[in-house]
Amino acid sequence: MAIGKTMRLLSRQGTLLFRLPMQDWFDVAKKLESLALKAAQRANLETDVFSPDVHPADPRFGDAQINGALPYAKRLKTNPREIAQQLVDQLNQDPEITSVAELSIAGPGFINIRFNSEFFLMWLRAFTTEEDFQASASRIFAGERVVVDYGSPNTAKQMHVGHIRAIVIGEAICRLLEFCGAKVTRDNHIGDWGTPYGKLFYAYKRYLNKTALEEDPLGELERLYKLGSRLANDDEATLEECRKELVKLQLGDPDAIALWKRVNELSIDGLKEIYDLLNVHFDCFLGESFYRDQVGRVYEELQETGLAEESEGALVVFHPEHKRYAKQPFIIRKSDGASNYATTDLATMLYRQEHFKATRVIIVTDDRQKDHFEQLDLTTKKWFNQTNRSRPEFRHVMFGKIMGDDGKPIKSRSGDPIRLKDLVYESIDRAYAIVKGKNPDMAEEEHKQIATTVGISAIKYADLSPNRTSNYVFSWDKLLSFEGNTAPYLLYAAARIQSIFRKAGVSMKFDDAAATPFETDEEIALARKIMEIVGVLHSTIETLRPHLLCTYLFELAGAFSAFYNANKVIVDDAGIKARRLILCQRSLLVLKIGLSLLGIRTLDRM
RNA sequence: GCGCGGCUAGCUCAAUUGGAUAGAGCACCUGACUACGGAUCAGGAGGUUGGGGGUUCGACUCCCUCGCCGCGUGCCA
């Protein structure tokens, strides 16, 4: 049944109790807030002080709680329980709430709300498709144009573990924003300019292995860079040669530029291989080189506006109002006259505002760059204000490091960073062994497909499920485990639901008219959990913290498994069967929506 | 030195931003219908939330202080 239709609430005897516009109830917390506010008005509370403060409740107490009476009573120095009682008295006058829930007061003045079983059923029957779930979310960022800057590897080098979180978190954020109605531009701000090129070119011209370049371009380029770097380090004359190569490039020497272009093409092709494997696709690769001739405007405007000043030979920006950046400079031009990443980042901000008309800019990097982006944001705000430009809202989405068992940043046995490609393929290989062990009868081709999805999902989920701002400890056993908060557990739950429908010979779009209200504890717990997705999507988007969604999906899968284990779905009673199929179908729907927002594909069987 | 972040069960992590008896998963112990997929589920045990003080009806959360650990802190990105 579609949103917008009026649901008829029938009593057990089939009499029409009243008409309830269910679309208002999609976001239960929001609806309760508005009802509580109305009640507060009728109770003559000071409505500019009262805030409903609606939370999901511990199931022991109810389905939701309104806590606003406590802070209200504190401000007005009155008795919180009395305030709560006044609110409940008013709410109990309102058929919109009394028809779906029972209210009670507990402790110092918590108002507990417990929905009746019919309400859960009506809710689940009102919202049945991804579009239904997206309808309210898509208003959040409607009309917004967001540039999301993530990935940002250096060219001529292979990506390593240090890049995985940026890719995975960035992609999840893009998908969440799109789900919420934003027009997203995925921009990969690659490091494709600067000092490493002198060393690379020096070695490229002398030690290139053409066959290796054909077979593994990034591997060969990286080898050459390391070689050039080592030679320059050991020998002063070689270092001087490298400098000359760099100068040629910076002066626009045609041969140097041609070589630089070739290296970049090879690099981006190599990068795309892994991005494809991870199902991540960028709209543009506007790297540092793209902005190299745009730094002049930055110098001019920041000096004209008086924001930048000379200090120790460099051009810098101080922020006197800030306790730290009053003294710690934002260096936008080095004392040798060269630009640095502050310069190009400022130029990038300008381009995103002028060219993309961005209303928001999000940059995803590790947390060590926090200071830099705070200074960038402060500087950009002042700059754009003084030049009467619209100011995109900036968010630095940062994340912590991936640690090894020893509590130090993860490294390979040789001490080098682990290559991203190796990491992903090792995950797929490990998944393959597990899948094959569990399903010996399955066709080889299916083993491979499932292993690829499981392996990649497991890596992604390991990056997303811990709070992004903290470091996390990497463990193969944990991320590929089929127990606990992991991708395989969630994929398994989804696959098993599909299996029920296959077994029952029922389509996903079955006729649910016969469904009777939920009765068992497991049914009600699952229904309640499904409804929680609405609030979870809101908090995930507000904070740009995908782990909130992960935690929820894990709980949902758990609630489903508990239900599935205790309540048989395929039973003779048509009413029971229909309502349990509803729970199965909606669980699957929400799992699929949630996982796809995280950039994870689901499987029909595994 | 200054700044930022972290410190929660044996281990790995949560805690809707000040709400009720701090929750999960591993690991450990006990149990479950020859099974709509046991890759599951139910239960048990496990805590002075780094230490100390304070704010209030109420603190992992806010303030002060001390202790470790990590990161940043003028010309890398």
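Labels below follow one simple rule: chain letters A, B, ... track the order of the sequence lines, proteins then strands, and each chain is numbered from 1.
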Please give the distance between the C1' atoms of G5(B) and C36(B) as a whole number of Å.
49 Å

Closest non-hydrogen contact found for Tyr197(A) with Trp260(A) is CE2-CD1, 3.6 Å

Checklist entry - Reckon Ala562(A) touches a base, only the sugar-phosphate, or nothing at all at heavy-atom distances under 4.0 Å? => result sugar-phosphate

Name the nucleic acid region contacted by His547(A), choosing base, sugar-phosphate or nothing; use a 4.0 angstrom heavy-atom cut-off, strictly under. sugar-phosphate

Applying ring pair (Phe, Tyr, Trp, His ring centres under 6.0 Å) to Tyr461(A) and not counting sequence neighbours gives none

| Between C63(B) and U12(B), how far is it from one P atom to the other, in whole Å? | 27 Å

Inset, instruction - Taking atom C1' in both A35(B) and U61(B), compute the distance separating them and give it to the nearest angstrom. - result: 46 Å

Would you mind classifying the nucleic acid contact of Glu555(A) as base, sugar-phosphate or nothing, using non-hydrogen atoms under 4.0 angstrom? nothing

- Task: Would you mind classifying the nucleic acid contact of Asp405(A) as base, sugar-phosphate or nothing, using non-hydrogen atoms under 4.0 angstrom?
- Result: nothing

Min and max contacting nt of RNA chain B in 5' to 3' order, chain A heavy atoms within under 4.0 angstrom, are G3(B) to A77(B)

Listed range with range, the stems formed with RNA chain B by at least 3 consecutive Watson-Crick or G-U pairs (under 3.5 Å) are B:1-7 with B:67-73, B:10-13 with B:23-26, B:28-32 with B:40-44, B:50-54 with B:62-66

Open item on the list: Between the side chains of Asp377(A) and Arg395(A), is the shortest nitrogen-to-carboxylate-oxygen separation below 4.0 Å, so that they form an ion pair?
Closed with: no

Its glycosidic angle compared against 90° from 0, U65(B) adopts the form anti

Could you check whether Lys323(A) gets within reach of a base, just the sugar-phosphate, or nothing at all, counting any heavy atom under 4.0 Å? sugar-phosphate

Closest heavy-atom pair, Leu598(A) versus Cys550(A), reported as atoms and distance to 0.1 Å, is CD1-SG, 3.8 Å

Whole-Å P distance, C26(B) and U34(B) = 25 Å

G74(B) versus C69(B) - spacing of their P atoms, nearest Å: 23 Å

Comparing Tyr489(A) with Pro329(A), nearest RNA chain B nucleotide closer to 5' gives the residue Tyr489(A)

| request: Decide if atom NZ of Lys31(A) counts as having more than 12 heavy atoms of other residues, nucleotides or ligands within a radius under 6.0 Å. | output: yes

- prompt: Using a cut-off of 4.0 Å on non-hydrogen atoms, how would the nucleic acid contact of Lys503(A) be classed: base, sugar-phosphate, or nothing?
  reply: sugar-phosphate

Of Thr543(A) and Ser499(A), the one whose nearest nucleotide on RNA chain B sits closer to the 5' end is Thr543(A)

Which part of the nucleic acid, if any, lies within contact of Asn471(A), taking any heavy atom under 4.0 Å across all strands shown: a base, the sugar-phosphate backbone alone, or nothing?
sugar-phosphate

Taken in chain and number order and not counting sequence neighbours, the residues that satisfy ring pair (Phe, Tyr, Trp, His ring centres under 6.0 Å) with Phe285(A) are Phe282(A)

Have a look at Phe61(A) and say if it touches a base, only the backbone sugar-phosphate, or nothing, with a 4.0 Å heavy-atom cut-off. base

With sequence neighbours left out, the residues meeting ring pair (Phe, Tyr, Trp, His ring centres under 6.0 Å) with His55(A) are none

* To do: Provide the distance between the two P atoms, one in A27(B) and one in A20(B), to the nearest whole Å.
  => 30 Å

How far, in whole Å, is G18(B) from G25(B) if one measures between their P atoms?
27 Å

Report which part of the nucleic acid Asn567(A) touches: base, sugar-phosphate, or nothing (heavy-atom distance under 4.0 Å, all strands). base

Whole-Å P distance, C28(B) and G6(B) = 33 Å

Classify the nucleic acid contact of Val569(A) as base, sugar-phosphate or nothing, counting any heavy atom under 4.0 Å across all strands shown. base

Base, sugar-phosphate, or nothing for Ala73(A), non-hydrogen atoms under 4.0 angstrom?
nothing

**Prompt:** What does Ser561(A) touch in the nucleic acid at a heavy-atom separation under 4.0 angstrom: a base, only the sugar-phosphate, or nothing?
**Reply:** sugar-phosphate

Taking every heavy atom of Arg601(A) against every heavy atom of Leu491(A), the minimum-distance pair comes out as O-CD2, 3.3 Å

**Prompt:** Lys370(A) near the nucleic acid: base, sugar-phosphate alone, or nothing, with a heavy-atom cut-off under 4.0 Å?
**Reply:** sugar-phosphate

Check every strand shown and say whether Ser311(A) touches a base, only sugar-phosphate, or nothing at a heavy-atom separation below 4.0 Å. base

Applied to residues 148-161 of chain A, the salt bridge (charged side-chain N to carboxylate O under 4.0 Å, His left out) test, sequence neighbours excluded, yields Asp149(A)-Arg352(A)

- request: Please determine if Glu310(A) and Arg333(A) form a salt bridge, counting it only when a charged side-chain N lies under 4.0 Å from a carboxylate O.
  value: yes

All heavy atoms of Ala431(A) vs all of Gly455(A), minimum pair found to be CB-N, 3.8 Å

